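Remember, it's a predicted structure, so these values are computed and weren't measured experimentally. Order of appearance sets the numbers: ligands from 1, and atoms from 1 within every ligand.
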Amino acid sequence: MKRRGLCLVLAAPSGAGKTSLSRALLDGDEFMSLSVSATTRAPRPGEQEGVHYYFKTPETFAAMIAAGDFLEHASVFGRSYGTPRAPVEAALAAGRDILFDIDWQGYRQLRAALPNDVMGVFIRTPTLADLRTRLIGRGDDAATIARRMAEAETELAHQTEFDFIIENRDFDVALTDLRAVRRACRLMTSRLA
Ligand code: 5GP
């Protein structure tokens, strides 16, 4: 059977475990790859051009918007982020799935751009107190924690716009849930080409 590729969006408040879950989901899955976004923020230590992001100047980013190079773009934490259009369209046409680590604004736009090809998963901790504990545990400073907690409330306000909500209480259980979602999405009748 021939099937169309799927865009699986993972969104979460910062610190909810999204990055670890998406890495684990991609690990050994030859049918799915990660969409690499463009951003105007500076690279963090260890981040590589074209692997974690395509790092752009604000001027280049604006020119890419004008040229229609993005499927979606948004301003997050005062920086610009966007999903390059060409690799996504090529993957979908080839029947390959793509995982997106974008925020709720990007999810809305992506859904509007590709109404039949996008499924959204929101990952959260059971409570905001759990989120704070995780942010403290990973060594963020007090100001960063305060900012991320405020942003988490904004992100959480949009959780019901997603098709699935996974509570990351235990990593292995959350990963099992995420794999189940991905597998179910793959088998949907609507994915037949
Ligand atoms: P960070 O700078 O920590 O890598 O990412 C900050 C936020 O930007 C995260 O919530 C991430 O999901 C979001 N983000 C990353 N890439 C994109 C993108 O291409 N589009 C949108 N809308 N959000 C993105």
inquiry  = I'd like the contact residues of ligand 1, where contact means a heavy atom below 4.0 Å.
reply    = Lys18, Ser37, Arg41, Arg44, Tyr53, Glu72, Ala74, Val76, Phe77, Tyr81, Gly82, Thr83, Asp101, Ile102, Asp103, Gly106
ask   = Only one of Arg183, Arg182, Arg191 clears salt bridge (Lys or Arg N to Asp or Glu O under 4.0 Å) with Asp97; which?
value = Arg182
query = Any idea how Tyr107 and Phe162 line up, ring-wise: parallel (<30°), tilted (30 to 60°), or perpendicular (>60°)?
reply = parallel
ask   = Between atom CG of Leu99 and atom CG of Leu6, what is the distance when rounded to the nearest 0.5 Å?
value = 9.5 Å
inquiry  = Looking only at the side chains, is there a donor atom on one of Thr133 and Asp130 sitting less than 3.5 Å from an acceptor on the other?
reply    = no
query = Out of curiosity, Ile102 CD1 to Ser37 OG, how far, rounded to the nearest 0.5 Å?
reply = 7.0 Å
task = Working to the nearest 0.5 Å, report the span between CZ of Arg111 and CG of Asn116.
result = 10.0 Å
